[in-house]
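This chain uses plain numbering: 1 for the first residue, then up along the sequence. Only a predicted model underlies this, so the values are computations on that prediction, with no experimental measurement involved.
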Amino acid sequence: MIGIFNPVELANQIVVLLVVSVVLAVMIRHWRAVLIAITGDDRVHAGVLDCMWFTFFRCCGLCTGEETRWITRQPCCCCLPEWMKGRSASHELGKLCGFSHHTVELKHIAVGDLPWDGRGDFYLCVECPGNPPRSTSMAEAQLSKVVHFPEVITLRLRNNPLEQEVRITVKELGIWGSSDLCSVHIPAMSLLHWAGDRTRQDDWTRPDRKGPMNCEKRFQMKPVHQKDTRDTPPWIYMEISDPSDERELGLRHVQDRYVRTCPNSTKDPDMPIALFKQKYTLLDHSGHAIQEPVESDLQEIEGRLECVDLTFRWSAALGCIAAAVILFVRSYLSSCYQGIRRVTIADLKYGLGASGSVISTYELERLAAQCHAEFDGTGGVMLGKDPCLPTHEQVMQRCQLPEHGGISPRKQPPVLFMDGALSWLGIDGGLPCGEEQCGWREFMEEWETFFIGFALSYVLYLVLLKCIGHACVRSRKRELQQLRAAEIRDYQLSRRGGGTAAGWPPMDNGAFGSPGGGSTYG
């Protein structure tokens with residue numbers, strides 16, 4: 001029957017296609033505005049290199065790479081280069097492979113010959129994929145001939161050809177927003193090379209190197225608008241160097257729950273967080289001391305939460321592994337049973353055991369498909385009356401060898417599990433199916449209801465573990481709040497009466513020693 005042409009339906013399809021095309025074109029044209037509306041940011045902070053780093057060097061988020069520092073600190077690792085000792089092996093290997101970040105500093109920045117008439121309020125915007133956009137302070141009422149910026153801009157770049165370029169833009173701040181004047185795109189690998197940090201080869205060839213290497217460059221910038229072309233091109237001067245952080249955050253690892261202050265302010269710059277809070281009291285915006293939770297209480301609450309979450313994660317992981325194993329075993333046993341059932345159908349039709357003939361796997365599958373086409377939907381009325389519908393007893397008889405009381409065809413090759421998938425990989429063979437698999441299948445069928453009930457109970461256990469564990473943590477948190485509130489009241493009463501409350505204030509947090517403040521705990 002020939003369909004009738006419907007012009008209205010065709011017109012509707014054309015209109016829908018045009019609308020979808022226009023919407024896609026607008027989204028592509030204003031992609032940043034779409035991202036801001038969806039995520040609140042104008043760019044996606046992930047790419048191919050981030051995925052490679054997260055997958056292969058951080059094990060899909062299961063590790064951070066800091067676990068290898070204790071290995072590189074050992075005296076037995078004396079064969080390691082000097083720059084490798086005490087550092088994260090995965091991070092350094094990621095740097096060599098181009099998947100981890102190096103640090104580069106841009107300082108002593110100056111721009112000149114800007115496409116702007118007279119004086120203006122200028123500032124720089126630096127954009128690169130591994131960092132949020134950075135802006136300098138505003139140089140107010142400066143001539144466009146030369147403008148200086150005092151900031152030191154730190155960038156984190158990868159030594160990889162796939163790394164995107166660094167974009168530096170000079171902007172002029174106006175009453176209604178800002179205007180882009182000129183910009184330059186610099187390859188990330190070039191910046192790393194000029195900074196003397198190309199895969200740390202400078203450290204290998206010159207282990208006695210001290211201090212950052214500096215490289216002074218002046219780059220031509222291109223005007224954003226062609227109408228702003230002048231007689232001389234705009235330029236930017238900068239000094240490119242390795243990081244020069246006094247705290248050496250990139251060289252010496254800071255332990256968890258430690259704060260590293262300026263090395264000149266104390267003999268040991270790494271201070272425990274509790275001692276740090278005791279030494280540097282928390283202040284409000286006007287400089288008055290305020291209260292904050294006791295660090296020992298915070299660590300206790302965090303430890304309990306971590307214990308609950310760790311127990312939940314391990315329980316969930318063990319449950320998933322057990323479920324995967326049970327499903328695999330059930331699939332294996334069911335596949336073996338179905339394979340032996342196909343052999344039973346062929347034996348009942350062609351008498352494989354009596355004739356001693358052999359039938360191929362393809363013929364077994366074709367015969368099973370033919371039987372399905374003939375008897376599917378009959379409700380099992382012909383069960384045992386036709387070779388295509390063998391009974392369970394007939395299948396179990398072909399599952400056992402003749403010496404064990406069965407009638408399995410001797411010359412028929414054993415049924416294999418996953419032979420098709422392995423042959424696709426170029427591997428000939430599979431998991432063999434025998435008498436034990438038939439017996440285990442009966443066991444699985446008998447206990448299948450129990451397994452389903454246990455799985456549901458295990459899911460309920462995980463839910464209760466999470467809920468009860470967090471409820472216990474919240475209860476302990478309330479107890480600590482009440483305890484600290486009582487200590488504050490006793491302390492304030494003792495101050496009014498001229499005495500001193502015993503054991504107050506707590507020594508691990510000097511902020512609680514300030515009287516008269518309201519509790520901000522929790």
*asked:* Does the plane of the ring in F57 sit parallel, tilted or perpendicular to the ring in F99? Use 30° and 60° as the thresholds.
replied: tilted

*List the steps and the verdict of side chain to side chain contact (heavy atoms under 4.5 Å, CB included) for W53 and L49.*
CA-CA 6 Å; W53 166 254; L49 299 179; over 6 Å; no

*Nearest heavy atoms of R134 and V152, plus distance in Å*: NH2-O, 4.0 Å

*List the atom of C128, the atom of V166, and the distance in Å for their closest heavy-atom pair.*
CB-CG2, 3.8 Å

*When you check the gap from the basic side-chain N to the acidic O, do D297 and K477 get nearer than 4.0 Å?*
no

*Exam field: side chain W116 to backbone R119, donor-acceptor pair closer than 3.5 Å*: yes

*Of the non-hydrogen atoms in C97 and N160, which two are nearest, and what is the gap between them?*
O-ND2, 3.9 Å

*Atom pair CE (M138) and CZ (F149), whose distance is rounded to the nearest 0.5 Å*: 10.5 Å

*Between T311 and R313, a side-chain donor and acceptor under 3.5 Å*: no

*asked:* Ignoring hydrogens, what is the shortest heavy-atom contact between Y123 and S137? Give both atom names and the distance.
replied: CB-O, 3.7 Å

*Does H30 NE2 have over 12 foreign heavy atoms under 6.0 Å away?*
yes

*Spacing of Q481 atom CD and E479 atom CD [to the nearest 0.5 Å]*: 10.5 Å

*Has R330 got more than 12 heavy atoms of other residues, nucleotides or ligands less than 6.0 Å from its CZ?*
no

_Distance check, rounded to the nearest 0.5 Å: H470 atom NE2 versus S475 atom OG?_
14.0 Å

_Regarding E165 and H185, do their side chains bring together a donor and an acceptor under 3.5 Å, going by distance alone?_
no

*Test H101 against every option in R156, H91, K95 by the side chain to side chain contact (heavy atoms under 4.5 Å, CB included) rule and name the one that passes.*
R156

*If only atom types and distance count, is the side chain of S457 paired as donor or acceptor with the main-chain N or O of G453 below 3.5 Å?*
yes

*Backbone N or O of E140 within a donor-acceptor pair of the Q142 side chain at under 3.5 Å?*
yes

*asked:* Before we go on, tell me: are the rings of Y461 and Y458 under 6.0 Å apart, centre to centre?
replied: yes

*Hey, mind stepping through R158 and D50 against side chain to side chain contact (heavy atoms under 4.5 Å, CB included) and telling me if it holds?*
CA-CA 10 Å; R158 294 185 178 95; D50 297 283; 2.7 Å; yes

*For T136 and L124, indicate whether the former's side chain and the latter's backbone hold a donor-acceptor pair under 3.5 Å.*
yes

*asked:* Whether R230 and D117 form a salt bridge (side-chain N of Lys/Arg under 4.0 Å from carboxylate O of Asp/Glu) is what I want to check.
replied: yes

*So which heavy atom on E300 is nearest to which on L480, and how close?*
OE1-CD1, 3.9 Å

*What distance separates S315 OG from L462 CG, expressed to the nearest 0.5 Å?*
6.0 Å

*side chain to side chain contact (heavy atoms under 4.5 Å, CB included) between L456 and L460, intermediate numbers included*: CA-CA 6 Å; L456 296 176; L460 180 62; over 6 Å; no

*Run the side chain to side chain contact (heavy atoms under 4.5 Å, CB included) check on H108 and M238 step by step: do they pass?*
CA-CA 6 Å; H108 304 160; M238 65 181 71; over 6 Å; no

*asked:* Once rounded to the nearest 0.5 Å, what's the spacing between atom SG of C51 and atom CZ of F56?
replied: 10.5 Å

*Quick one: closest heavy-atom pair of F312 and L465, and the distance?*
CA-CD2, 3.8 Å

*asked:* Distance check, rounded to the nearest 0.5 Å: W194 atom CH2 versus I240 atom CD1?
replied: 6.0 Å

